[in-house]
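Everything below concerns the one structure shown next.
Just so we're on the same page: letters track the sequence lines, and every chain starts at 1.
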Protein chains: 2
Amino acid sequence: MLENVRIVLINTSHPGNIGAAARAMKNMGVDNLCLVAPKLYPHEKAFWRAASADDLLERAVVYETLEEAVQGCHLIVGTSARDRRIPWPVLDARETAEQVVQEPDDHKVAILFGREDRGLTNDELRLCNFHLQIPTNDEYSSLNLAAAVQVACYELRMAALAKQEATESLSPKPVWGGEWDAEAADTDDLRRFFVHMEETLIQLEVINPKNPRQLMTRLKRLFLRSRPDKIEVNLLRGVFSAVQKRLK
Amino acid sequence: MLENVRIVLINTSHPGNIGAAARAMKNMGVDNLCLVAPKLYPHEKAFWRAASADDLLERAVVYETLEEAVQGCHLIVGTSARDRRIPWPVLDARETAEQVVQEPDDHKVAILFGREDRGLTNDELRLCNFHLQIPTNDEYSSLNLAAAVQVACYELRMAALAKQEATESLSPKPVWGGEWDAEAADTDDLRRFFVHMEETLIQLEVINPKNPRQLMTRLKRLFLRSRPDKIEVNLLRGVFSAVQKRLK
């Protein structure tokens with residue numbers, strides 16, 4: 001249950017927040033913690049705040065870049081407090097959890113949490129299939145990092161328990177998956193796909209690298225929203241290759 | 001929205017937890033914080049952890065006893081991690097929130113959070129109409145105090161938003177209340193009612209004060225679960241008085 005989910009904390013400043021997040025995760029049965037370039041880690045304050053979730057901290061993996069932390073993932077969700085210039089599909093914590101527990105068992109899911117002061121960067125948010133917003137008081141919306149992790153993991157647990165009940169009372173067939181005719185593309189597939197796309201669009205002079213505007217962003221949003229499978233990605237990359245060949 | 005709800009923290013040891021709870025509350029638009037005999041308060045750590053929720057801390061009311069903190073309340077909910085000897089009606093955080101937002105506007109609601117190490121005492125839990133349990137990992141169920149407040153207030157906000165949407169799309173009549181023929185009894189009514197009941201049962205020798213067993217507890221659970229109104233309480237107290245008069 002929830003073992004395919006990883007919580008990714010990016011550039012966290014305060015080690016205490018890492019510990020409190022670990023405790024929140026363990027309480028809710030979410031075990032995989034990834035840290036991307038934490039400011040101070042390992043640190044005694046993290047272990048102190050983690051209380052009996054220290055085993056989870058000890059197993060936490062530290063990465064230098066977000067790309068490494070989400071390698072092989074099929075669904076990436078970025079937490080975001082603000083509205084962005086280019087609106088991305090947004091789900092709340094409950095809808096996110098329902099989506100996550102409907103993923104097939106072999107799909108890896110990453111939920112990203114940004115810096116205490118600035119959240120996720122636009123580049124990080126544009127890696128995501130959708131954004132997660134927790135509804136807060138308009139007059140005071142800056143949720144503490146561990147509190148946001150707590151709410152997200154609480155909803156994951158609620159959704160997992162509901163699914164477990166539903167599965168137990170129904171036939172043993174999977175709730176989702178199995179009927180699609182190809183595997184979902186993972187982040188590596190998509191990263192190569194987008195690189196190939198951008199390269200092709202530059203060669204086509206659709207994108208001016210000196211003034212790329214929001215074109216790639218909009219295209220990424222389109223494709224990420226559709227959760228493409230491996231066959232679709234390869235098909236489109238075949239198109240890009242064909243275009244590139246012609247331009248030579 | 002949610003202004004009839006008070007969060008009551010009982011005998012909190014760490015002032016940082018009070019601050020973190022205040023922040024969690026303000027993020028979710030729950031404003032009324034009551035502190036019952038906090039160990040260290042006021043304290044700079046509370047203000048430090050509250051961040052911009054310091055206004056909420058400044059308005060927090062400190063009481064010496066729980067009875068004072070819940071005076072005039074109509075619905076009292078106690079958070080509880082463990083199963084108790086006498087099982088009480090239990091709702092999860094979502095069900096609790098749905099119940100709370102269905103209360104009439106003039107009903108005061110108190111949600112009680114116990115000590116960091118031991119939670120609420122049996123006596124405190126027996127003041128409650130029902131208990132709130134947040135589903136946690138069986139292997140690690142000790143939710144941090146502020147994390148429990150966060151989850152409860154998050155569900156309150158979700159339920160309040162859902163009710164607001166439902167109310168806006170429906171006719172302007174209240175969702176609950178207005179159709180009952182008497183006001184609900186508040187805690188003062190119920191306290192006097194139970195004192196009167198116990199006194200009567202002792203006089204009747206149904207209860208042996210030297211060995212009261214769980215009789216009053218079971219009776220309290222019965223009446224609290226039914227959410228009696230003022231007329232019903234007075235009617236029963238009339239019965240007790242009649243019994244007492246006969247015994248003299």
Given a strict heavy-atom distance threshold of 4.5 Å, which part of [X] is in contact with chain A: side chain, backbone, both, or neither?
X        : value
B/Ala51  : both
B/Ser141 : backbone
B/Ala147 : both
B/Ala20  : neither
B/Arg157 : side chain
B/Met1   : neither

Checklist entry - Are more than 12 heavy atoms from other residues, nucleotides or ligands located less than 6.0 Å from atom CD of B/Glu67? => result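 Yes, the 6.0 Å shell around CD holds more than 12 heavy atoms from other groups.
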Checklist entry - In terms of heavy-atom contacts, does CG of A/Asp105 have more than 12 from other residues, nucleotides or ligands at under 6.0 Å? => result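 12 or below, so no.
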Checklist entry - Counting heavy-atom pairs under 4.5 Å to chain B, which of A/Asp92, A/Leu161, A/Thr136 comes out on top? => result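 That would be A/Thr136.
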Next on the checklist: Less than 4.5 Å apart, side chain to side chain, heavy atoms only: is that true for A/Met158 and B/Ile134?
Outcome noted: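 With C-beta onward as the side chain, the pair stays apart.
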Checklist entry - Quick one: what part of A/Arg49 sits under 4.5 Å from any heavy atom of chain B, side chain, backbone, both or neither? => result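 Only the side chain of A/Arg49 comes within 4.5 Å of chain B.
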Item to check | Atom pair CD/CG of B/Glu139 and A/Asn27 - distance to nearest 0.5 Å | outcome: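 Answer for the CD-CG pair, B/Glu139 versus A/Asn27, is 12.0 Å.
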Next on the checklist: Side chains of A/Glu155 and B/Tyr154: any donor to acceptor distance under 3.5 Å?
Outcome noted: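 Distance-only check passes for B/Tyr154 and A/Glu155.
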Checklist entry - Any idea which of B/Pro135, B/Cys153, B/Ala93, B/Ala53 has the most non-hydrogen atom pairs under 4.5 angstrom with chain A? => result B/Pro135
Checklist entry - How far apart are the C-alpha atoms of A/Lys26 and B/Asn137, what are their side-chain angles, what is the distance that settles it, and do they pass the side-chain contact (heavy atoms from CB on, under 4.5 Å) test? => result CA-CA 7 Å; A/Lys26 189 167 176 185; B/Asn137 186 353; 4.2 Å; yes
Next on the checklist: Checking B/Leu143 against A/Arg23 for the side-chain contact (heavy atoms from CB on, under 4.5 Å) test, could you report, in this order, the C-alpha distance in whole Å, the side-chain angles of both residues, the deciding distance, and whether it holds?
Outcome noted: CA-CA 8 Å; B/Leu143 213 54; A/Arg23 180 170 178 179; 5.9 Å; no
